[in-house]
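Since the model is a prediction, treat every value here as computed from it, not as a measurement.
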Amino acid sequence: MALVTAGALAAGCASGAVDTAALPTAPGGAVAAAPGTECPAVKPAGDGPQRQVRGMWISSVYGGDWPGDPQDPVEKKKASYRRILDSAKAAGLNTVFMQIRPAGDAFYASPYEPWSQWLTGTPGKDPGWDPLKFLVDEAHARDLEFQAWFNPYRVGGDNNRKHLAPRSPAKLHPDWAVKYGKYLWYDPGLPQVRELATNAVLDVVGKYDIDGVHFDDYFYPYPDGKFPDAKTFKTYGRGMGLADWRRHNVDTLVQSLSVKIKQAKPWVKFGISPFGIWRNRSGDPAGSDTHGLDSYAEIYGDTRKWVKQGWLDYVTPQLYWAIGDNRADYKTLVAWWSRLVEGTRVQLTIGQAATVGGSGTPWPRRGEVRAHLDVNTAHPQVRGNVFFSAADVLKNSGGFVTQLRAGHYERPALIPPSKGGNTPAAPSQVRVVRSGRTTKVEWQGSDATSYAVYRTTGKGGACTAVNGANLVATTRGSSVLVPSAQAGKVYTYTVTALDRTHVESGPARAVTFPSPSSP
């Protein structure tokens with residue numbers, strides 16, 4: 001394939017764009033343009049409303065979204081996970097939240113807890129491979145951010161201690177866990193239990209290239225009778241009321257992890273997806289105008305405090321109510337959470353139910369999810385959405401993915417930058433190569449984690465600031481295939497670099513290029 005040297009294009013770079021009309025064409029129609037350097041005078045794009053988290057949860061408890069049948073061969077499990085990730089990319093998503101500690105167990109070799117039964121069918125059995133490394137690597141290969149999802153206190157798949165793996169801490173220390181409802185639960189009031197959860201998280205942070213640590217809404221369990229922690233309260237209550245003491249126990253874990261994760265790897269985010277109602281206004285004037293379960297009083301999660309104290313990098317309340325619901329109107333809750341995060345450094349994303357259509361589903365009305373995102377546009381504090389769960393994204397439940405692609409997710413989106421990042425050097429030697437129907441953008445990498453490719457119509461300036469509305473692709477590599485362009489038009493391509501926290505460089509010099517011919 002014949003490539004044009006940077007020297008041959010020097011005049012084009014100086015004038016602001018490269019005219020490729022007279023470039024030599026290799027056999028098969030391949031054309032390339034290769035101007036070279038970065039644009040130091042152009043400031044990075046920074047943050048903006050076009051930056052969004054677009055995520056989905058991938059559950060593993062009971063086989064969940066993945067790995068499915070534990071008896072399936074490893075290669076079938078791997079192929080299933082790749083299909084899930086490919087569906088995420090096709091839906092325009094950029095983040096996955098993978099459940100790796102579903103119930104006091106592990107999807108990785110842990111010195112603290114046994115292998116998960118949902119990998120092999122047998123609690124504690126070594127699957128003979130490293131699932132978590134595979135899960136992270138495959139996500140990053142598609143430039144999907146990987147949030148490692150932990151459940152801090154649930155133990156096992158039921159409340160039968162005989163079903164636990166021999167080396168389960170709940171079996172070795174039976175006083176650490178209690179029967180409550182259909183599960184065993186670690187007692188959050190025990191310092192040993194909080195230490196176990198902390199060790200499990202930090203072990204993964206240290207060993208694996210994850211992008212974040214994620215907890216869902218399970219701290220103290222949802223009400224199902226009286227939680228049996230009277231003995232623990234008597235030992236550790238220190239004069240507090242029972243409810244305040246329980247909230248203190250959860251606060252202690254959240255605050256401690258907030259500090260320790262950043263000490264281990266400053267770029268790893270820590271976020272929680274709580275129940276969508278902190279408090280009802282009837283119980284606290286600071287609460288929302290809702291009439292649902294009071295998570296502060298019933299499951300002892302003081303989410304408002306975690307946000308106000310800055311212990312989280314992001315919060316993703318699960319707002320599984322319809323617009324106009326008289327118990328908890330979606331519009332009311334989005335507004336409440338938006339006011340909560342305003343003025344803080346905590347990013348707000350919204351947990352969305354993705355099960356659409358049919359009896360017994362959250363959204364019989366097929367346009368409900370799209371309507372939720374329409375509401376979000378009135379609240380600039382909302383930085384994205386996370387969908388539960390992967391199975392519904394994969395099957396395009398109720399056509400909601402198609403609706404999102406047509407209305408909100410027409411183009412890819414960069415993730416909002418998080419605190420503590422550094423601007424990477426811009427890439428260099430950007431070039432565009434056409435071969436037949438394929439157009440590929442290539443560049444020389446920098447010290448970056450990922451790259452963003454922008455395309456505008458016509459001959460743009462060689463050093464023009466980028467606009468998120470023109471983003472066409474992202475990758476963790478040094479080249480990417482871009483979507484097909486309209487025949488007969490000229491396009492200008494620009495590449496930027498991003499660090500682990502999604503801080504973006506200024507642009508490299510742009511390349512103007514004719515589109516491929518129509519087939």
Side-chain angles (χ1 to χ4, degrees), residues 1-45 140-143 412 414 422-468 470-485 490-500 502-516:
M1 181 179 293
L3 298 181
V4 182
T5 66
L9 296 172
C13 290
S15 65
V18 180
D19 184 353
T20 59
L23 293 181
T25 303
V31 179
T37 58
E38 60 186 282
C39 298
V42 182
K43 292 182 179 180
H140 286 171
R142 293 160 177 78
D143 196 28
L414 298 180
N422 295 298
T423 305
S428 61
Q429 296 299 311
V430 178
R431 61 187 181 184
V432 180
V433 179
R434 188 183 79 208
S435 181
R437 301 178 185 179
T438 301
T439 302
K440 181 166 71 170
V441 183
E442 301 176 336
W443 55 89
Q444 292 294 316
S446 62
D447 58 346
T449 298
S450 60
Y451 299 89
V453 178
Y454 301 83
R455 180 174 66 197
T456 55
T457 303
K459 292 184 180 181
C463 287
T464 303
V466 297
N467 184 327
N470 299 320
L471 184 67
V472 291
T474 70
T475 182
R476 297 202 176 199
S478 57
S479 67
V480 68
L481 297 178
V482 295
S484 59
V490 173
Y491 294 90
T492 298
Y493 294 87
T494 305
V495 183
T496 62
L498 298 102
D499 81 337
R500 286 302 297 260
H502 306 285
V503 173
E504 190 172 19
S505 75
R509 285 185 180 271
V511 179
T512 300
F513 198 75
S515 69

(message) Ring-plane angle category for Trp443 and Tyr451, please: parallel below 30°, perpendicular beyond 60°, tilted otherwise.
(response)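 Because their plane-to-plane angle lies in the 30° to 60° range, the rings of Trp443 and Tyr451 count as tilted.
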(request) Can you sort out the partners of Ala425 under side chain to side chain contact (heavy atoms under 4.5 Å, CB included), two or more places apart, ordered by chain and number? (result)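 If we apply the side chain to side chain contact (heavy atoms under 4.5 Å, CB included) test to Ala425, skipping adjacent residues, the hits are Ser446, Asp447.
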(request) Sequence neighbours left out, what passes side chain to side chain contact (heavy atoms under 4.5 Å, CB included) with Pro483? Give chain and number order. (result)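 Residues passing side chain to side chain contact (heavy atoms under 4.5 Å, CB included) with Pro483: Arg455, Val472.
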Rounded distance (nearest 0.5 Å) linking atom [atom1] of [X] with atom [atom2] of [Y]:
X      : Y      : atom1 : atom2 : answer
Arg509 : Cys463 : CZ    : SG    : 4.0 Å
Asn422 : Arg500 : CG    : CZ    : 13.5 Å
Phe513 : Thr439 : CZ    : OG1   : 6.5 Å
Ser479 : Gln444 : OG    : CD    : 11.0 Å

(message) Could you work out, with side chain to side chain donor-acceptor pair (under 3.5 Å) as the rule, every residue matching Thr474, not counting sequence neighbours?
(response)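 Residues passing side chain to side chain donor-acceptor pair (under 3.5 Å) with Thr474: Asp143.
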(request) Name all residues meeting the side chain to side chain donor-acceptor pair (under 3.5 Å) criterion together with Thr496; count only those two or more places apart in sequence or in a different chain, and write none if there are none. (result)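 Checked Thr496 against side chain to side chain donor-acceptor pair (under 3.5 Å); matches are Glu504.
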(message) Test side-chain contact (heavy atoms from CB on, under 4.5 Å) on Thr512 and Val490; report intermediate values, then the result.
(response) CA-CA 7 Å; Thr512 300; Val490 173; 3.1 Å; yes
(request) Check step by step if side-chain contact (heavy atoms from CB on, under 4.5 Å) holds for Thr494 and Thr464. (result) CA-CA 9 Å; Thr494 305; Thr464 303; over 6 Å; no
(message) Among residues at least two apart in sequence or on other chains, which ones pass salt bridge (Lys or Arg N to Asp or Glu O under 4.0 Å) with Asp499?
(response)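 So Asp499 forms no salt bridge (Lys or Arg N to Asp or Glu O under 4.0 Å) with any residue.
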(request) Using salt bridge (Lys or Arg N to Asp or Glu O under 4.0 Å) as the criterion, list what pairs up with Lys43, not counting sequence neighbours. (result)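 Lys43: no salt bridge (Lys or Arg N to Asp or Glu O under 4.0 Å) contacts found.
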Do [X] and [Y] touch side chain to side chain, with heavy atoms closer than 4.5 Å?
X      : Y      : value
Pro44  : Ser505 : no
Val453 : Val482 : yes
Val432 : Lys440 : no
Leu498 : Leu414 : yes
Val511 : Thr492 : no

(request) Carefully, step by step, assess Thr457 and Tyr491 under the rule side-chain contact (heavy atoms from CB on, under 4.5 Å). (result) CA-CA 5 Å; Thr457 303; Tyr491 294 90; 3.8 Å; yes
